[in-house]
Amino acid sequence: MKHFSYTITDPVGIHARPAGIIVRAVKPFASSFTITKGDKSVNLKKLMALMGMGIKCGDTVDIKVEGPDEDAAAEALEKLFKENL
Amino acid sequence: MIVATGKSILKGIAIGKIRFLAKKQAEIKDTAADPAVEMKRYEDAKALATEQLQGLYDKAVVEAGEDHAAIFEIHMMMLDDDDYNESIAEIIKSQGKSAEYAVKTTGDNFAETFASMDDEYMKARAADVRDISTRVVNILTGADIGPADSDEPFIIVAEDLAPSETVQLDKSKLLGFVTRLGSTNSHTAILARNMNIPALIGTEINEE
């Protein structure tokens with residue numbers, strides 16, 4: 001299991017476009033991805049659920065990656081967060 | 001003569017004939033005989049909607065640029081979302097409802113979730129969920145989408161314009177549009193700005 005934390009720097013937070021980029025990037029991986037903010041967690045492959053979290057600028061989220069390709073997946077995802085959020 | 005004021009999206013003057021975009025309320029039949037039939041109807045409508053959205057994306061890339069066309073990729077992803085599809089399947093299979101009823105109800109529920117968030121940007125996303133759901137419902141009920149073709153240039157007046165309706169409009173004939181509702185943050189406004197369509201939103205008009 002891999003995990004990393006990230007603090008959102010994009011002023012609009014996780015809005016539709018980066019949410020779309022994230023979901024599209026994680027879907028092909030076999031691993032499961034969970035994003036947690038506070039006491040709420042959602043499956044990162046679910047676009048509507050992710051948008052529904054209302055993750056804003058300044059929020060710190062925890063991402064958990066679990067599965068056969070978790071190393072590659074976690075690395076790719078962390079890079080994506082840094083580049084887009 | 002009627003004078004109305006609203007929020008301007010793009011400064012410009014447009015003079016021309018007005019055409020009203022009347023939203024035809026589709027007849028939603030609620031119950032259905034066979035869930036398997038309804039699921040197939042839904043899957044077919046969803047496939048067609050996805051094709052249409054791809055077409056809109058392609059048109060928007062040319063007319064508004066890739067950044068702004070991206071909203072249609074979001075629409076396609078929303079349509080493919082697990083929770084959205086599970087909700088529709090659930091309503092069809094365990095409530096014995098028609099595909100159009102399941103899609104409309106699911107769309108309304110998701111839209112309400114977004115609309116009740118305390119974030120202006122997310123509130124505007126409610127419009128996106130309604131847009132894709134309406135598209136699928138219209139395919140299922142065979143309702144008309146959009147105004148008929150016109151020979152003369154025109155200004156559209158409508159209650160509201162969904163992002164997909166904005167892109168679908170024939171730009172060669174469109175002088176501008178006026179809507180009663182609308183937020184400057186909405187994708188409709190963003191698309192209009194990028195397609196250089198003079199537009200007025202949040203305008204005090206009524207259909208008479």
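Note on naming: letters A, B, ... go to the chains in the order of the sequence lines (proteins, then strands), and numbering restarts at 1 for each one.
- Between Lys46(A) and Glu86(B) the shortest side-chain heavy-atom distance falls below 4.5 Å.
- The distance from the CD1 atom of Ile21(A) to the CD atom of Glu73(B) is 9.0 Å, given to the nearest 0.5 Å.
- Environment of NZ in Lys37(A): crowded, with over 12 heavy atoms of neighbouring residues, nucleotides or ligands closer than 6.0 Å.
- Heavy atoms of Ile14(A) lying under 4.5 Å from chain B belong exclusively to its backbone.
- Heavy-atom neighbours of Lys64(A) NZ from other residues, nucleotides or ligands within 6.0 Å: at or below the threshold of 12.
- Top candidate by heavy-atom pairs under 4.5 Å with chain B, chosen from Ala19(A), Ala16(A), Gly20(A), is Ala16(A).
- Within a 6.0 Å sphere centred on CD of Gln54(B), other residues, nucleotides and ligands contribute more than 12 heavy atoms.
- Only the side chain of Met117(B) comes within less than 4.5 Å of a heavy atom in chain A; its backbone stays farther off.
- Few gaps surround CD on Glu43(B); more than 12 heavy atoms of other groups in view lie less than 6.0 Å from it.
- Scanning both residues, Asp83(B) and Ala49(A), for their nearest heavy atoms gives OD2-CB, 3.6 Å.
- Residue Lys79(A) places its NZ atom among 12 or fewer non-hydrogen atoms of other residues, nucleotides or ligands, all under 6.0 Å distant.
- At a threshold of 4.0 Å, the pair Asp80(B)-Arg24(A) does not count as salt-bridged, since none of the basic side-chain nitrogens sits closer than that to a carboxylate oxygen.
- In this structure, the separation between CE on Met48(A) and CG on Asp81(B) is 5.0 Å, given to the nearest 0.5 Å.
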